[in-house]
S.K.: 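Have a look at the structure that comes next, please.
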Amino acid sequence: MSKRAALSFGGWFVVALGTFVLAIALRAFVVSSYKIPSDSMSPTLYSGDYVLVNKFIYGIFRFRRATPLWRLRKPERGDVVVFKHVLGDDFSYGDVEGGRHGGSPRRFIKRIVAVPGDILEIKGNSVYVNRKHLAKVSATLGLVKGAKVKVLKLKPQEYYVMGDNRENSLDSRYFGLVEEGEIEGLAVAIYWSWKSARLPFEIRWERVGKRIE
């Protein structure tokens, strides 16, 4: 091998290594992709959707229950967010697939319905936030698992999340409040979607590139 070829090989190695490191950094701090395996967020998201999550908007170098060193903004009411949450021994469910993360905490995607300072109340089958009617929910779903109170005032860094599919969603009504430090990012767009990944493929072209609202 000539000296010129050896230098060329070394240059390509450096480029490949740099690209790998950049990809890892982007995934860790800027953007990640996840597959949706359930319909708990329908009609916003369906099983088979692949979503992009902005991990930069809420901050970088985050730690659970800790304020990030820097961020564009805090999570807001109405945001569709991906978060990790520790579940009890009787739960084994998670509704986002994003690589290997066996055991607790599980990864979820839900919509924020109440933020710090909000007063949340459930009367019968209806949910109210700051006395404003939000939605009807199934009577079989409780408030926080094991809780007896029907009114909650959220403390700093506490968020209440629900699936858009109110009748079929494991969310804050079951596992309680989500801490700000558990939130990984904001779901921003669907970059791929198919009803079936088996032959014959059923691709939902109308959903590809759709913004998540």
Side-chain angles (χ1 to χ4, degrees), residues 19 22-60 62 71-85 87 91-102 105-115 127 129 133-138 141 159-175 178 180 182-213:
T19 301
L22 179 60
I24 295 297
L26 287 174
R27 179 172 176 81
F29 303 117
V30 181
V31 64
S32 287
S33 63
Y34 300 99
K35 176 187 175 183
I36 307 299
S38 75
D39 286 329
S40 70
M41 279 294 294
S42 66
T44 303
L45 299 170
Y46 291 111
S47 175
D49 284 346
Y50 289 74
V51 301
L52 291 176
V53 174
N54 183 338
K55 303 179 76 172
F56 189 68
I57 191 170
Y58 297 143
I60 56 176
R62 303 171 59 86
R71 63 186 167 197
L72 289 176
R73 67 171 176 84
K74 291 184 177 181
E76 298 176 354
R77 193 184 305 111
D79 286 356
V80 175
V81 297
V82 169
F83 60 93
K84 283 185 176 181
H85 193 72
L87 303 179
F91 290 122
S92 60
Y93 178 79
D95 62 7
V96 167
E97 295 178 0
R100 300 180 62 182
H101 56 87
R106 298 289 182 177
R107 189 176 275 115
F108 295 86
I109 184 166
K110 304 293 179 185
R111 188 180 299 277
I112 294 176
V113 299
V115 299
V127 177
V129 176
H133 183 258
L134 177 67
K136 289 186 177 296
V137 297
S138 172
L141 296 178
Y159 294 83
Y160 197 90
V161 299
M162 295 176 67
D164 287 355
N165 185 358
R166 310 292 191 202
E167 302 298 310
N168 186 25
S169 174
L170 181 64
D171 48 40
S172 285
R173 292 170 291 178
Y174 273 113
F175 52 64
V178 174
E180 183 178 348
E182 296 176 316
I183 299 175
E184 294 188 343
L186 173 70
V188 294
I190 300 169
Y191 72 90
W192 185 253
S193 179
W194 48 20
K195 190 174 182 180
S196 174
R198 299 180 179 180
L199 290 173
F201 299 129
E202 296 182 58
I203 301 173
R204 302 187 186 107
W205 291 109
E206 73 281 2
R207 298 186 64 76
V208 176
K210 185 177 181 180
R211 182 179 177 183
I212 297 173
E213 298 178 343

S.K.: Please check this pair: side chain of Asp39 against backbone of Ser42, looking for a donor-acceptor N/O pair closer than 3.5 Å.
M.R.: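 Not at all, since once roles are kept as given, no pair shorter than 3.5 Å links the two residues.
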S.K.: For the residue pair Val113 and Val129, what are the closest heavy atoms and their distance?
M.R.: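 Smallest heavy-atom distance, with atoms named: O-CG2, 3.5 Å.
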S.K.: How far apart are the closest heavy atoms of Asn54 and Ile57, and which atoms are they?
M.R.: OD1-N, 3.0 Å
S.K.: So how far is it from Leu72 CG to Leu186 CG, rounded to the nearest 0.5 Å?
M.R.: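 Answer for the CG-CG pair, Leu72 versus Leu186, is 10.5 Å.
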S.K.: Compute the centroid of each ring, for Trp194 and then for Trp205, and state whether the two points are separated by less than 6.0 Å.
M.R.: no
S.K.: So, do Tyr50 and Ser33 sit near enough that their side-chain heavy atoms are less than 4.5 Å apart?
M.R.: no
S.K.: Do Tyr159 and Asp79 have side-chain N/O donor and acceptor atoms under 3.5 Å apart?
M.R.: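 Tyr159 vs Asp79: no donor-acceptor pair found between side chains.
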S.K.: Does any non-hydrogen side-chain atom of Val188 lie less than 4.5 Å from one of Ile212?
M.R.: no
S.K.: Restricting to non-hydrogen atoms, name the atom on Ser193 and the atom on Ile203 that form the minimum distance, rounded to 0.1 Å.
M.R.: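 Scanning both residues completely, I find the closest heavy atoms to be O-CG2, 3.5 Å.
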S.K.: Assert yes or no for the condition that the ring centre distance of Phe108 to His85 is strictly below 6.0 Å.
M.R.: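 Not under 6.0 Å, so no.
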S.K.: Any chance you could measure Glu180, atom CD, to Phe83, atom CZ, to the nearest 0.5 Å?
M.R.: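 Going from the CD atom of Glu180 to the CZ atom of Phe83 covers 14.0 Å.
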S.K.: Take Leu170 and Arg106 through the test side chain to side chain contact (heavy atoms under 4.5 Å, CB included) and record every step on the way to the result.
M.R.: CA-CA 12 Å; Leu170 181 64; Arg106 298 289 182 177; over 6 Å; no
S.K.: If you measure from the Lys or Arg side-chain nitrogens to the Asp or Glu carboxylate oxygens, is any gap between Arg204 and Asp49 under 4.0 Å?
M.R.: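 Salt bridge flag = yes for Asp49 with Arg204.
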S.K.: Show, in sequence, the C-alpha distance, side-chain angles and deciding distance for Val178 and Ile183, and conclude whether the side chain to side chain contact (heavy atoms under 4.5 Å, CB included) test is met.
M.R.: CA-CA 8 Å; Val178 174; Ile183 299 175; 4.1 Å; yes
S.K.: Between Val82 and Arg107, is there a side-chain heavy-atom distance shorter than 4.5 Å?
M.R.: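 The answer is yes, as the side chains (C-beta and beyond) meet within the 4.5 Å cut-off.
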S.K.: Can you see which heavy atom on Gly163 is nearest to which on Arg166, and at what distance?
M.R.: O-NH1, 3.0 Å
S.K.: Would you say that Ser169 contacts Met162 through its side chain, given a criterion of any heavy-atom pair below 4.5 Å between the two side chains?
M.R.: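 A side-chain contact under 4.5 Å is absent here.
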S.K.: Given the rule in the side chain to side chain contact (heavy atoms under 4.5 Å, CB included) test, do Val53 and Tyr34 qualify, once you have shown the distances and angles that lead to the verdict?
M.R.: CA-CA 8 Å; Val53 174; Tyr34 300 99; 3.4 Å; yes
S.K.: In Å, rounded to the nearest 0.5 Å, how long is the span from CD1 of Ile112 to OH of Tyr160?
M.R.: 13.5 Å
S.K.: When rounded to the nearest 0.5 angstrom, what distance separates CG in Leu45 from NZ in Lys110?
M.R.: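 Output value for this atom pair is 10.5 Å.
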S.K.: Might you work through the side chain to side chain contact (heavy atoms under 4.5 Å, CB included) test for Met41 and Ile36, ending with a clear yes or no?
M.R.: CA-CA 9 Å; Met41 279 294 294; Ile36 307 299; 5.8 Å; no
S.K.: A quick test of your reading: do over 12 heavy atoms of other residues, nucleotides or ligands sit less than 6.0 Å from CZ of Arg73?
M.R.: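 Yes.
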S.K.: Rounded to the nearest 0.5 Å, what's the gap from CG on Asp171 to OG on Ser40? Could you check?
M.R.: 8.0 Å
